[in-house]
Number of protein chains: 2
Amino acid sequence: MNSSAPSAEPGTATAVDGAADRRVRADAQRNIDALLTAAAEVFAECGVDAPVRDITKKAGVGTGTLYRHYPQRSDLVAAVYRHEVDACADAAARFAEEYEPVEALVRWLERLQGFFATKRGLASALHSGDPAYENLPAHFRGRFVPALSALLDAAAEAGQIRKDVRPDELLHAVAQISMAAPMLDEGYVDRMTRLLVDGLRYSG
Amino acid sequence: MNSSAPSAEPGTATAVDGAADRRVRADAQRNIDALLTAAAEVFAECGVDAPVRDITKKAGVGTGTLYRHYPQRSDLVAAVYRHEVDACADAAARFAEEYEPVEALVRWLERLQGFFATKRGLASALHSGDPAYENLPAHFRGRFVPALSALLDAAAEAGQIRKDVRPDELLHAVAQISMAAPMLDEGYVDRMTRLLVDGLRYSG
DNA sequence: TGCGTAAGCGGAACAGTGTTCCGTATAGTT
DNA sequence: AACTATACGGAACACTGTTCCGCTTACGCA
């Protein structure tokens, strides 16, 4: 659950995610957690444009409480996003332990694709210029590229896939494919992702 | 000024752009024109998320009038977009008459780039799933690909550029470059577009 | 244990959206 | 000139994000 990002540029946002910064009252931490999980659920169901009040209601919290911890709506969005990026990145290490290299890779790509599935509307937000989103892309790459890189290396080491695929490029491709969702056939994303993995297996 | 699109799928939107469909009162047509130009200006300055009231005020028209002609805000956005796509596409034929092949091509690509410059925020709207935007991409391609194709053919015919560049791909490239604007250096778009044209000239 | 207080809470109120409604004005016809 | 379908304007409505402030409570300290 805990973030593993090295430094969380101080002064940008307010809320405390994991470790204590300077003594946070227990009820406050409880509310922050409730908001984070409620927001994640609401965003997944209705997109990132869901009304703030839907979230506070689901979290059983007043709107004032939300704005105490996240001064802007976009700060909450960014926090949820970081939180889920971290969760997804951490899953890579877990899969690497539990499964053999290629299966770990496949499972993680599915997980990654699931991550994108709950992010409809965020791609637009990213381009909005809101400063709250400014360093989300960097966090995204900073967490995902090493995670994918490790999985690829392990599979390549075992001689199960090619060695000449750059993790950042594969990541970008999966992201592009997963984002293009609307007006496209249901299974499109799955098929394309699978195709990429098969491509990795091909030794030509 | 007039639209050249063949069929304007009936029943989708309401407002009359150019030719009369079934007798439009003179004052109504006047207001539609005022709205269209006012909206274009406001969108260019503030992006497509600009408040409706800014537009009606600039057009000297009540909000009710707007909604009479464009039942939804997005219908107005779509109408302005189509209008400007048409204007830009028509410019291609004009340039082809007035200038020699390559200069006509260059001038039109600049014009196209100017078109994208006034479209900040629309890329996001396109992905929003609003049915009003559903066939805008098709209209975009339907008008721009032939326009660019003609310019490329003429220049290639005159032996001034290569013949192996697909208009749809070049169009896509210019669009991608022109959309990537924020957080990038000022002259980036110009430099990249120019680079593409120089690439066309190169005969290897 | 009990107290004082800073930290935190809730939700009513505010400001700014898109959209609807309806009484009034008028273009085009007879 | 009179008549009426069409169109107009802008106040009012519903729904946003955000602020404000009186009340509550967790927690350090006697």
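Residue numbering restarts at 1 for every chain, and letters A, B, ... go by the order of the sequence lines. Any value given below was found using the heavy atoms of this structure, including those in side chains, with hydrogens, waters and symmetry copies removed.
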Practice task
Please state how far atom CD1 in B:Ile32 lies from atom P in C:dA27, giving the value in whole angstrom units.
Solution key: 15 Å
Completion exercise
Per atom distances to the A:Val52 side chain, the nearest of D:dT18, C:dT17, D:dG9 is D:dT18
Handout entry: B:Arg68 side chain, from C-beta outward: closest of C:dG8, D:dT18, D:dA7
Key = D:dA7
Problem - N/O donor-acceptor pair, side chain B:Arg53 with base C:dG18, under 3.5 angstrom - result: yes
Completion exercise
A:Gln29 CD to C:dA7 P, in whole Å, measures 16 Å
Handout entry: Geometric class of the A:Trp108/A:Phe144 ring pair [parallel <30°, tilted 30-60°, perpendicular >60°]
Key = perpendicular
Fill in the blank from the handout: Rounded to whole Å, CG of A:Leu66 lies from P of D:dT18 at a distance of 9 Å
Practice task
Answer yes if the side chains of B:Asn31 and B:Thr65 hold a donor-acceptor pair under 3.5 Å, and no otherwise.
Solution key: no
Exercise for the section: Examine the base of D:dT6 for any acceptor or donor lying under 3.5 Å from a partner atom in the side chain of B:Arg23, and report the outcome as yes or no. Expected result: no
Exercise for the section: Would you please confirm or rule out a distance under 4.0 Å between OP1 or OP2 of C:dC9 and any side-chain N or O of A:His69? Expected result: yes
Handout entry: Side-chain H-bond candidate by donor/acceptor type, A:His139 with A:Asp86, under 3.5 Å
Key = yes
Practice task
To the nearest Å, give me how far apart CG (A:Asp27) and P (D:dC27) are.
Solution key: 7 Å
Exercise for the section: Take atom CG of B:Asp54 and atom P of C:dT17, then tell me their distance rounded to the nearest Å. Expected result: 7 Å
Exercise for the section: Grab the CG-P distance between B:Asn31 and C:dA27 for me, whole Å please. Expected result: 11 Å
Exercise for the section: Verify the contact: side-chain N or O of B:Tyr67 to OP1 or OP2 of C:dT20, cut-off strictly under 4.0 Å; return yes or no. Expected result: no
Practice task
Mind calculating the distance between NZ (B:Lys57) and P (C:dT17) to the nearest angstrom?
Solution key: 10 Å
Fill in the blank from the handout: Ranking B:Arg25 and B:Gln72 by the position along DNA chain C of their nearest nucleotide, the one closer to 5' is B:Gln72
Practice task
Taking atom CD of A:Glu134 as the centre, report whether more than 12 heavy atoms of other residues, nucleotides or ligands fall under 6.0 Å from it.
Solution key: no
Practice task
Would you mind reading off the distance between A:Ile55 atom CD1 and D:dG17 atom C1', rounded to a whole angstrom?
Solution key: 11 Å
Practice task
Taking only Lys NZ, Arg NE, NH1 and NH2, and the carboxylate oxygens of Asp or Glu, determine whether B:Glu84 and B:Lys119 approach each other closer than 4.0 Å.
Solution key: yes
Completion exercise
Between B:Ala26 and B:Ala50, whichever has its closest DNA chain C nucleotide further toward 5' is B:Ala50
Handout entry: Donor-acceptor pair (no angle test) under 3.5 Å: A:Arg73 side chain, D:dT16 base
Key = no
Completion exercise
Considering only heavy side-chain atoms of A:Thr63, the closest of C:dT19, C:dA27, D:dT19 is D:dT19
